[in-house]
Amino acid sequence: MSAPEIGPETTLRRADRAVHGELPEETVLLDVEDKVAVRLNQTGAWLWERLEQPETVAELAVGLASEFGIDGERALADVEAFASDLAGRSLLDTA
């Protein structure tokens, strides 16, 4: 499945088929339909936590830049890459 177009105004939410668990030093997502696990790095885990409620890519990028001390352009690119990857795996819904 190909990922939908992701831009700053895209709203993201966790897909119903995704569950997560926290292990020492990592967060893992499980696709309960395909039974595939995905490990998240520190920023991915932070973004996943923020998506307990739907947020736009732009809102997430502002938070990511602030939380991790990176510039806004890099934060936006990181959020778009994260969203594209997980949406392509059907673990995020987009609107």
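Every heavy atom of this structure was used, including side-chain atoms; hydrogens, water molecules and symmetry mates were not.
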Exercise. Can Arg89 and Asp85 be counted as an ion pair, charged N to O under 4.0 angstrom?
Worked result: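 Looking at Arg89 and Asp85, the cut-off is met.
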Problem set entry | Closest contact, heavy atoms only, Ala61 versus Ala75 |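 Closest approach of Ala61 to Ala75: O-CB, 3.4 Å.
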For this session: Identify the two heavy atoms, one from Ser90 and one from Ala15, that lie closest to each other, and give their separation to 0.1 Å.
Result: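 Taking Ser90 first and Ala15 second, the nearest heavy atoms are O-CB, 3.3 Å.
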Exercise. Quick check: are there more than 12 heavy atoms from other residues, nucleotides or ligands sitting under 6.0 Å from CD of Gln42?
Worked result: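 Result for CD/Gln42: open.
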Min side-chain heavy-atom separation [X]-[Y] under 4.5 Å:
X	Y	answer
Arg14	Pro54	no
Leu60	Leu51	yes
Arg13	Gln53	no

Look up atom [atom1] in [X] and atom [atom2] in [Y], then write down how far apart they are to the nearest 0.5 Å.
X	Y	atom1	atom2	value
Thr27	His20	OG1	NE2	7.0 Å
Trp46	Leu40	CH2	CG	13.5 Å
Arg17	Leu92	CZ	CG	11.5 Å
Leu47	Leu12	CG	CG	9.0 Å
Ile6	Thr94	CD1	OG1	5.0 Å
Glu55	Arg50	CD	CZ	4.0 Å

Exercise. Quick check: does any side chain N or O of Ser66 sit under 3.5 Å from a backbone N or O of Val62, one acting as donor and the other as acceptor?
Worked result: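 No.
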Exercise. So, does Asp34 use its side chain to make a donor-acceptor pair with the main chain of Val36 at under 3.5 Å?
Worked result: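 No; zero donor-acceptor contacts below 3.5 Å.
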Problem set entry | Full working for salt bridge (charged side-chain N to carboxylate O under 4.0 Å, His left out) between Asp78 and Arg74 | CA-CA 6 Å; Asp78 288 353; Arg74 176 176 168 205; 3.5 Å; yes
For this session: Among Val57, Thr43, Thr56, Thr10, find the one that has a side-chain contact (heavy atoms from CB on, under 4.5 Å) with Val79.
Result: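 Only one of Val57, Thr43, Thr56, Thr10 forms a side-chain contact (heavy atoms from CB on, under 4.5 Å) with Val79, namely Val57.
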Exercise. Does the side-chain contact (heavy atoms from CB on, under 4.5 Å) test come out yes or no for Glu26 and Val28, once each step is laid out?
Worked result: CA-CA 7 Å; Glu26 69 181 346; Val28 177; 4.2 Å; yes
Exercise. Quick one: do Leu91 and Leu30 end up in the same hydrophobic cluster if we chain Ile, Leu, Val, Met, Phe, Trp and Tyr together by side-chain heavy atoms under 4.5 Å apart?
Worked result: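 No: no chain of side-chain contacts under 4.5 Å links Leu91 to Leu30.
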